[in-house]
**Q** 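Quick one: the structure is below, questions incoming.
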Amino acid sequence: MADKVQRVRGTQDLYGDAIARFDHVVDTFNRVRKLYGFKRVDVPVFEFTTVFARSLGETTDVVSKEMYTFEDRGGESLTLRPEFTAGICRAFISNGWQQFAPMKLAAYGPLFRYERPQKGRYRQFHQLDAEIIGAAEPAADVELIALADHLLAELGCKDKVVLQLNTLGDAATRTAWRAALVEHFSAHADALSPESRERLAKNPLRILDSKSEADRALVADAPGIDAFMSAEAGAFFEAVQKGLQAAGVAFERAPALVRGFDYYRHTAFEFVTDHLGAQGTVIGGGRYDGLIETMGGPSTPAVGWAGGIERLAMLVGEPKEEVDRVYIVFDGEAAAAKAEALVARLRTDLSKAWRSASFLRERRCEVEMLSRGNAKKDFERARERGADVIYTVRADGSPGWDSMLLDEYRVHDRTGSDPHGTGAVVGAVVMPWIIGREVRLPSASYRADYHIRLPAQA
RNA sequence: GCGAUCAUAGCUCAAUCGGUUAGAGCGCCGGUUUGUGGUACCGGAGGUUGCGGGUUCGAUCCCCGUUGAUCGCCCCA
């Protein structure tokens, strides 16, 4: 078994379209979080086990059976991070970051949970993470949620997702409500589904969003949180809702929404979708005012959320490619050196053009050379790989690359007068930048604004 | 941790009721034709049918086990 050449269960090898979508999500996150002033933070992939065990709650599933925990050679118990918040809070405490509070932080990277894999669920998965640490006011919750909402809008998947919002009240509210729920469900324990009987002991709030038919009726007349809500907690939640309305963030109240980790207080929210099978939550988070103090730090209020990159990537579909591809095909040894020189020249010219021409910034251009020896095959390959323009370099006998003959093919240009349609020769070019002529940069659209003047050779 | 379905070439899939040498497309390699066409032709390599055991004259096919994948429960992003 040890010599099996195979992936560990629940991990992924990302390539091509899959990684393109992944990157698109991360790039969009980075772009949007800057708009809100969230600074990047990066924390270790593993921590002392206690960092997660104490913060998440000993009885949560993640801690009790899903952590990748191991002993290092020094005998320390370490754990691969199953979430971001605990590690970031630990960093906050370790480095005395309270001097910078309030902090708006953004992170992303791999997380690890030993779970049975299924659609949108992996053992090594990736999250985006946003936290506001050291801000007690409801405006922080609003800003944080607005960031998530904005991200989803930029990713173009807002129509597939709804924001569910709830409050868990402050510590006193939550404790009283929880006690009432335990009392209510205990009285009807025999009518409860087996899963919910489990939950009664471990996490009674969870019974509220049970999918079991048997539990529905009991859940329906379970006590609601509002009866236990303290005046402060009620006002806080009210302010959050008002703020979201003002910010134009649509949401719906979800009284049964309860988050998995013990540290949540007040605001709890999830962006959910029905496009992902059993994994409905795309972004989830809430306020965790007591956590940092519990972990041994200064009393510090905080809110945060995490979003599953894989799940978001599955929602966004194909990111449109803004790539122009130039392929250089050549025939024979004599043309090889010329082709090399042409590739190098095009790449440097393009990188200069990129810096100065702002209208090009949104696009990319790739220049590649094909040299498999069979010009015919190379030509076909270039087309298959999505070439927009193909130059063939002719071996004309002259030694200098600055006098080489090129045939230019524009793969997508159907409007040309060429009788053969696209893919045929559009024009033979003799090092146009030498004589100062304008050369069109390859572009799928061929608008005039993509014409640039390549600098003459020095 | 529990349940269901599945596993055949690099990829996507065939293979009759359990029956002869397990096929096709794509991809890969080589070649032909054309200084180059949105789609040509010829040939080649590539298989322990996931793995192990059983039933049978004979197993890709039936049974058991195992590993993995997918989907669901649980939980979560």
Side-chain angles (χ1 to χ4, degrees), chain A residues 1 4-12 16 25 56 59-66 82-85 108-130 148 161 193-196 198-199 202-203 206-207 209-212 258-261 269-273 276-285 304-315 329-332 335 372-384 387 390 392-396 405-414 418-426 428:
Chain A
M1 201 75 75
K4 268 195 197 171
V5 182
Q6 68 177 28
R7 221 171 29 194
V8 172
R9 177 168 225 192
T11 61
Q12 322 170 71
V25 170
L56 302 184
T59 61
T60 58
D61 277 29
V62 168
V63 171
S64 63
K65 57 185 195 195
E66 293 174 3
E83 60 123 31
F84 271 108
T85 304
Y108 58 86
L111 304 173
F112 305 85
R113 255 122 89 162
Y114 189 87
E115 293 184 279
R116 192 76 170 264
Q118 56 184 268
K119 189 184 181 75
R121 195 166 91 183
Y122 305 92
R123 288 185 172 177
Q124 176 179 335
F125 60 107
H126 302 78
Q127 285 185 351
L128 310 171
D129 187 89
V161 165
S193 66
E195 292 83 19
S196 286
E198 276 281 312
R199 288 188 272 239
K202 283 164 52 181
N203 195 346
R206 275 266 153 220
I207 300 175
D209 63 1
S210 167
K211 289 171 191 167
S212 160
V258 175
R259 308 242 60 236
F261 303 137
F269 62 92
E270 289 181 3
F271 288 85
V272 299
T273 180
L276 251 42
Q279 272 60 242
T281 304
V282 170
I283 290 177
W305 57 250
I309 297 179
E310 285 88 352
R311 291 183 186 178
L312 288 165
M314 282 188 270
L315 232 42
V329 172
F330 62 93
D331 203 356
R372 300 283 282 274
N374 185 330
K376 169 75 175 172
K377 285 261 162 76
D378 290 342
F379 203 88
E380 282 175 12
R381 247 188 289 272
R383 295 181 51 134
E384 283 163 9
I390 302 170
T392 58
V393 179
R394 296 192 217 171
D396 63 351
L405 288 169
L406 306 175
D407 288 331
E408 182 185 67
Y409 302 84
R410 292 178 183 273
V411 176
H412 302 293
D413 188 354
R414 299 193 199 202
D418 180 75
H420 302 294
T422 55
V425 182
V426 166

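Residue numbers begin at 1 in each chain, while the letters A, B, ... track the order of the sequences.
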**Q** Do Gln12(A) and Glu310(A) meet the criterion of a side-chain donor-acceptor pair at a distance under 3.5 Å?
**A**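 Indeed, the side chains of Gln12(A) and Glu310(A) share at least one donor-acceptor pair under 3.5 Å.
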
**Q** Under 3.5 Å, is there a donor-acceptor pair between the side chain of Arg121(A) and the main chain of Arg116(A)?
**A**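 A pair under 3.5 Å: yes.
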
**Q** Using Watson-Crick or G-U wobble geometry with both distances below 3.5 Å, tell me the partner of rC62(B), or none.
**A**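 Across any shown strand, rC62(B) pairs with rG54(B).
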
**Q** Would you say Gln118(A) reaches rG72(B)'s phosphate, i.e. side-chain N/O to OP1/OP2 under 4.0 Å?
**A**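 Yes, such a contact exists.
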
**Q** Name the pairing partner of rC11(B), where a pair is Watson-Crick or G-U wobble with both distances under 3.5 Å, or state none.
**A**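 Paired with rG25(B).
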
**Q** Figure out the CZ/P separation between Arg123(A) and rA69(B), and round it to whole Å.
**A**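 Taking CZ of Arg123(A) and P of rA69(B), I get 8 Å after rounding.
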
**Q** Would you measure the distance from the P atom in rG38(B) across to the matching atom in rG44(B) and give it in whole Å?
**A**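 30 Å, rounded to whole Å.
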
**Q** Under 4.0 Å: is that the gap between some side-chain N or O of Arg9(A) and OP1 or OP2 of rA69(B)?
**A**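 So the side chain of Arg9(A) is within the cut-off, an N or O lying under 4.0 Å from OP1 or OP2 of rA69(B).
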
**Q** Consider the side chain of Arg206(A), meaning its heavy atoms from C-beta on, and name the nucleotide among rC75(B), rA77(B), rA69(B) that approaches it most closely.
**A**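 So the side chain of Arg206(A) is nearest to rC75(B).
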
**Q** Answer yes if the side chains of Glu270(A) and Thr281(A) hold a donor-acceptor pair under 3.5 Å, and no otherwise.
**A**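 Checked: Glu270(A)/Thr281(A) side chains pair up, N/O donor to acceptor below 3.5 Å.
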
**Q** Atom NZ of Lys65(A) to atom P of rC75(B): distance rounded to whole Å?
**A**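 Distance check: Lys65(A) NZ to rC75(B) P gives 8 Å.
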
**Q** Determine the interatomic distance between C1' on rA24(B) and the same-named atom on rU8(B); round to the nearest Å.
**A**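 After rounding to an integer number of Å, I get 13 Å for this pair.
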
**Q** Rounding to a whole Å, what distance do you find between Arg121(A):CZ and rC74(B):C1'?
**A**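 Taking CZ of Arg121(A) and C1' of rC74(B), I get 8 Å after rounding.
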
**Q** Please name the nucleotide paired to rU39(B) by Watson-Crick or G-U wobble geometry with both distances under 3.5 Å, or report none.
**A**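 Paired with no nucleotide.
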
**Q** rU16(B) pairs with which nucleotide, Watson-Crick or G-U wobble, both distances below 3.5 Å?
**A**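 Pairing partner, where one exists within any strand: none, as none qualifies.
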
**Q** Between rG10(B) and rG46(B), how far apart are the two P atoms, rounded to whole Å?
**A**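 Approximately 11 Å lies between the P atom of rG10(B) and that of rG46(B).
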
**Q** Roughly how many Å apart are rG30(B) and rA69(B), using the P atom of each and rounding to a whole number?
**A**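 Their P atoms lie roughly 36 Å apart.
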
**Q** If you measure from the C1' atom in rU12(B) to the same atom in rA7(B), how many Å do you get, rounded?
**A**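 14 Å, rounded to whole Å.
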
**Q** Between Arg311(A) (side chain) and Val282(A) (backbone), is there a donor-acceptor pair under 3.5 Å?
**A**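 No, Arg311(A) side chain to Val282(A) backbone: no donor-acceptor pair under 3.5 Å.
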
**Q** Rounding to a whole Å, what distance do you find between Glu66(A):CD and rC73(B):C1'?
**A**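 The distance from CD of Glu66(A) to C1' of rC73(B) comes to 13 Å, rounded to the nearest Å.
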
**Q** Look at Arg116(A) and rA69(B) and indicate whether a side-chain polar atom (N or O) is within less than 4.0 Å of OP1 or OP2.
**A**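 For rA69(B), neither OP1 nor OP2 has a side-chain N or O of Arg116(A) closer than 4.0 Å.
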
**Q** Write down the distance between CD1 (Ile207(A)) and P (rC75(B)), rounded to a whole number of angstrom.
**A**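 Between P of rC75(B) and CD1 of Ile207(A): 10 Å.
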
**Q** Rounded to whole angstroms, how far apart are OH on Tyr114(A) and C1' on rC74(B)?
**A**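 That distance rounds to 15 Å.
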
**Q** Can you tell me, in whole Å, how much space there is between the P of rU20(B) and that of rG53(B)?
**A**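 So the two P atoms sit 23 Å from each other.
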
**Q** I need the CZ-P distance between Phe269(A) and rA77(B), as an integer number of Å.
**A**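 Spelled out: CZ on Phe269(A) to P on rA77(B) is 11 Å.
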
**Q** In whole angstroms, how far is the P atom of rA69(B) from the CD atom of Gln12(A)?
**A**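 Computing the Gln12(A):CD to rA69(B):P distance gives 12 Å.
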
**Q** Test the Arg123(A)-Tyr114(A) pair against the cation-pi criterion, namely NZ or CZ under 6.0 angstrom from the six-membered ring centroid and within 45° of the ring axis.
**A**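 Arg123(A) over Tyr114(A) ring: yes.
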
**Q** Given that both distances must come in under 3.5 Å, which nucleotide forms a Watson-Crick or G-U wobble pair with rC6(B)?
**A**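 Result: rG68(B).
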
**Q** Using the C1' atom in both, what is the distance from rC75(B) to rG23(B), to the nearest Å?
**A**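 Here rC75(B) and rG23(B) have their C1' atoms 45 Å from each other.
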
**Q** Give me the distance, rounded to whole Å, that separates rU49(B) from rG18(B) when you measure between the C1' atoms they each carry.
**A**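 Those two atoms are separated by 15 Å.
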
**Q** Give a yes/no answer on whether the side chain of Arg199(A) brings an N or O atom under 4.0 Å of OP1 or OP2 in rC75(B).
**A**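 It does, given that an N or O in the side chain of Arg199(A) lies less than 4.0 Å from OP1 or OP2 of rC75(B).
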
